[in-house]
Amino acid sequence: MSNYHIKHLEEYFQVYRKSVRNPENFWEEVAEEHFVWRKKWDKVLEWDFSKPEIKWFEGAKLNITENCIDRHIHIRGDKTAILFEPNNPEEEAQHITYKELRKRVCKMANVLRDKGIKKGDRVVIYLPMIPELAVSLLACARIGAVHSVVFAGFSSTALSTRINDCGAKMVLTSDGSYRGSKTIDLKGIVDDALKDCPSVESVLVAKRINSDITMKEGRDEWLAPLMEEAYGDYPAEVMDAEDPLFILYTSGSTGKPKGMVHTTGGYMVYTSYTFKNVFQYREDDIYWCTADIGWITGHSYIVYGPLANGATTVMFEGVPSYPDFGRFWEVVQKHKITQFYTAPTAIRALAKENLDYVNKYDLSCLKVLGTVGEPINEEAWHWYNDHVGEKKCPIVDTWWQTETGGILISPIPFATPTKPTYATLPMPGVQPALMDENGSEIKGNQTDGRLCIKFPWPSMARSIWGNHQRYKDTYFSAFKDMYFTGDGALRDEVGYYRITGRVDDVIIVSGHNLGTAPIEDAINEHPAVAESAIVGYPHDIKGNALYGYVILKETGESRDRDNLKKEINQVITEHIGPIAKLNKIQFVPGLPKTRSGKIMRRILRKIASKDTKNLGDTSTLLNPEVVEKIMEEAL
Ligand code: WTA
């Protein structure tokens, strides 16, 4: 029996039992058999959630790029490692082989070293989805610098906050980026941000859009000529398993963003293991995750996990709507994608459009479909299953977080029977627990509670950069000796998990706990509804009442609004019960979203509560004009 590659359900249960009975042995076997180490560990695991302190493979020495690149050179050096699909479909795709990737990474490592970057220094990467982005993560890892990628859609304020928080010495950026038919002036944003970032000594600029930019003398330099001259080999820095690999910022419910610190050995083992199993990756597959590398999904499942498995991983520069809503499917057909991994928000957006955009393309190459980032509603799940997977591709609804580093709960395709809206079963080594409000674990099935994890897994974040106390307070204080996810979940009669949404989104109405996700799910079942968001607002009698923001499909626009409201409440009554009926329903043209596609419920709550004087931090808001409109028409 292979621990590393699970192929059927019985095997999953066997592996799972083994992984829980003796986690150290389990992960030791995986680590020993599938990776190259300069030196093996002295101890597999050391942990104490009360401090909290977590160490995996302590004493081991390695470099993650030797695992992601060098060791593949002899076996698959000419295989495509990164397949770059540009924004403009007329521009040719680039196939970067493992050999070529090694050369580029080594060259950039030399460039970084020549600029004075050394082991432990922080480098902020603010690049669009072009090959230089993946290369720069790996170049940092090659020399032992800690990368912190800031999604290249964040504003200059958000960028400078992150640069200052981690004290970055260097920023890697580009002249600009393409986004559909638009271009974005990234270098201008960096210049703005750097007005207030004393730690930054140098800025390297990749050329992408050939725009006119200003280069600051003594600080800024073009990357390409430096790469051209640099030597194409670089001995990998030998790192400790627990040396930081990267910092990635995630927004907290309050306060400034949290710089989650991920370390090297455990992160590599876990992302590689989960990639192999969750996507059932085979040697000749072409895997595509549509996320941006600026998010954890891109770190773990575009770069490190796939490359550690010697996979071909697609990097897509564009957007799903350019040049039209068929772009995803055009790319799937063109590159014969076998695994396709995207977000529910993208699926919902595409499901709103004409089916011809999908049906036009031959998608028979697809084997596995994935989703991540938020609960997927039933309607979107079925659309994805019926029209993209043509009912032949298992959908892996993968639940995880920036903090967890890798996927914790997900079906294993062709092994775990899927169930719409359920992330199903924990990955080997992952021990979930549902907790009640009094801090006790709820045993048994058919129950729901706060989702915690009882035992460490190798890729969990080790700290918040510069603020270990906040790490402890946020994740290890709500429940004793548990990692608290901040999510609610239910466990069905067979033990499948369904993530019901952030517990901060739970609304208590007349003493009943209502999750926003199931209500939204219900509303979205209404044929005229495209998308919805529910928040609570203070109510004299019920404590809280429900306010629904609803986007109609084009077909619903002409309908009588009062009738629609009645029907929506009827659907909710049917799916959940009259207790979940909405007090107010506002039809809106869009929902305020973060740049990563999450609904900004905080803003919706403020509008629902008529508390719009101070909307709080809106720097990550993608569509401020929608907020204006919603406020104007608020009920
Ligand atoms: C939510 C993204 C339901 C969840 C990898 C989590 C999900 C937060 C799912 C983390 C899913 C992620 N089903 N909810 N499959 N995946 N979430 O840090 O609330 O951007 O806590 O990491 O997204 O978001 P993050």
Side-chain angles (χ1 to χ4, degrees), residues 149-151 153-154 246-253 257-262 267 270-271 274-275 278 289-302 304-305 341-348 369-378 380-381 384 395-411 416 418-427 430 432 448 450-453 459-461 464 474-475 478 483-490 496-506 515-518 520-521 533 593-601 620:
V149 185
V150 177
F151 173 61
F154 274 120
F246 65 87
I247 301 167
L248 188 61
Y249 286 88
T250 182
S251 41
S253 39
K258 300 172 285 190
M260 304 313 305
V261 180
H262 282 281
Y267 176 81
Y270 192 82
T271 52
T274 46
F275 173 74
V278 170
C289 164
T290 70
D292 193 289
I293 292 176
W295 311 118
I296 191 68
T297 305
H299 281 60
S300 302
Y301 299 108
I302 295 178
Y304 291 112
Y341 189 29
T342 196
T345 182
I347 299 168
R348 287 195 297 266
L369 300 175
T371 78
V372 60
E374 54 179 316
I376 178 163
N377 53 298
E378 196 136 3
W381 194 98
Y384 201 29
I395 296 177
V396 290
D397 179 350
T398 64
W399 173 82
W400 58 298
Q401 310 177 294
T402 304
E403 295 85 338
T404 69
I407 295 165
L408 295 196
I409 304 183
S410 169
T416 321
T418 59
K419 178 174 175 182
T421 76
Y422 281 75
T424 74
L425 297 170
M427 294 305 292
V430 174
D448 66 297
R450 275 142 210 261
L451 181 60
C452 289
I453 314 288
S459 67
M460 64 191 298
I464 290 175
T474 312
Y475 305 105
Y483 166 80
F484 175 44
T485 66
D487 283 327
L490 60 83
Y496 273 16
Y497 288 89
R498 178 192 189 173
I499 312 304
T500 45
R502 302 291 308 181
V503 273
D504 6 36
D505 293 330
V506 166
T516 51
E520 289 161 5
D521 236 7
K593 296 227 169 130
T594 64
R595 289 164 205 270
S596 60
K598 287 202 172 66
I599 297 170
M600 265 188 145
R601 287 167 199 283
T620 58

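One-based numbering along the sequence shown. All values below come from the heavy atoms of this structure, side chains included, with hydrogens, waters and symmetry mates left out. Both ligands and their constituent atoms are indexed starting at 1 by order of listing. Nothing here was measured: the structure is a model prediction, and the numbers come from that model.
- In this structure, the protein non-hydrogen atom closest to atom 3 (C) of ligand 1 is Pro375 N, 3.1 Å.
- If you run side chain to side chain contact (heavy atoms under 4.5 Å, CB included) between Leu408 and each of Val430, Thr398, Thr274, Leu451, only Val430 comes through.
- Protein heavy atom at the shortest distance from atom 19 (O) of ligand 1 is Asp487 OD1, 2.7 Å.
- Atoms of ligand 1 found under 4.0 Å from any heavy atom of Val372, numbered from 1 in the order shown, are 5 (C).
- In this structure, the protein non-hydrogen atom closest to atom 13 (N) of ligand 1 is Glu374 O, 3.3 Å.
- For the residue pair Asp397/Trp381, the side-chain donor-acceptor check at 3.5 Å is not satisfied.
- Looking only at side-chain heavy atoms (C-beta outward), Phe246 and Ile296 come within less than 4.5 Å of each other.
- Atoms of ligand 1 lying under 4.0 Å from at least one heavy atom of Asp397, given by number and element, are 11 (C), 13 (N), 15 (N).
- Applying the 4.0 Å criterion to heavy atoms of Thr297 picks out, from ligand 1, the atoms 5 (C).
- Counting only N and O atoms by type, the side chains of Thr271 and Ser300 include no donor and acceptor under 3.5 Å apart.
- Both the backbone and the side chain of Thr402 come within contact range of ligand 1, each with a heavy atom under 4.0 Å.
- Side-chain atoms of Thr594 never come within 3.5 Å of backbone atoms of Thr620 as a donor-acceptor pair (strictly under, hydrogens ignored).
- Between the side chain of Glu374 and the backbone N or O of Lys598, no donor-acceptor pair lies under 3.5 Å.
- Using a 30° and 60° split on the angle between ring planes, Phe275 and Tyr301 fall in the parallel class, below 30°.
- Residue Gln401 touches ligand 1 through backbone and side chain together, judged by heavy-atom distances below 4.0 Å.
- Distances from ligand 1 to the non-hydrogen atoms of Gly373 include at least one value under 4.0 Å.
- Close approach to Lys598 involves these atoms of ligand 1, each under 4.0 Å from a residue heavy atom: 20 (O), 23 (O), 24 (O), 25 (P).
- Residue contacts with ligand 1 for Thr398 involve N, CA, C or O but no side-chain atom from C-beta outward (heavy atoms, distance under 4.0 Å).
- Looking at atom 10 (C) of ligand 1, its nearest protein heavy atom turns out to be Trp400 O, 3.6 Å.
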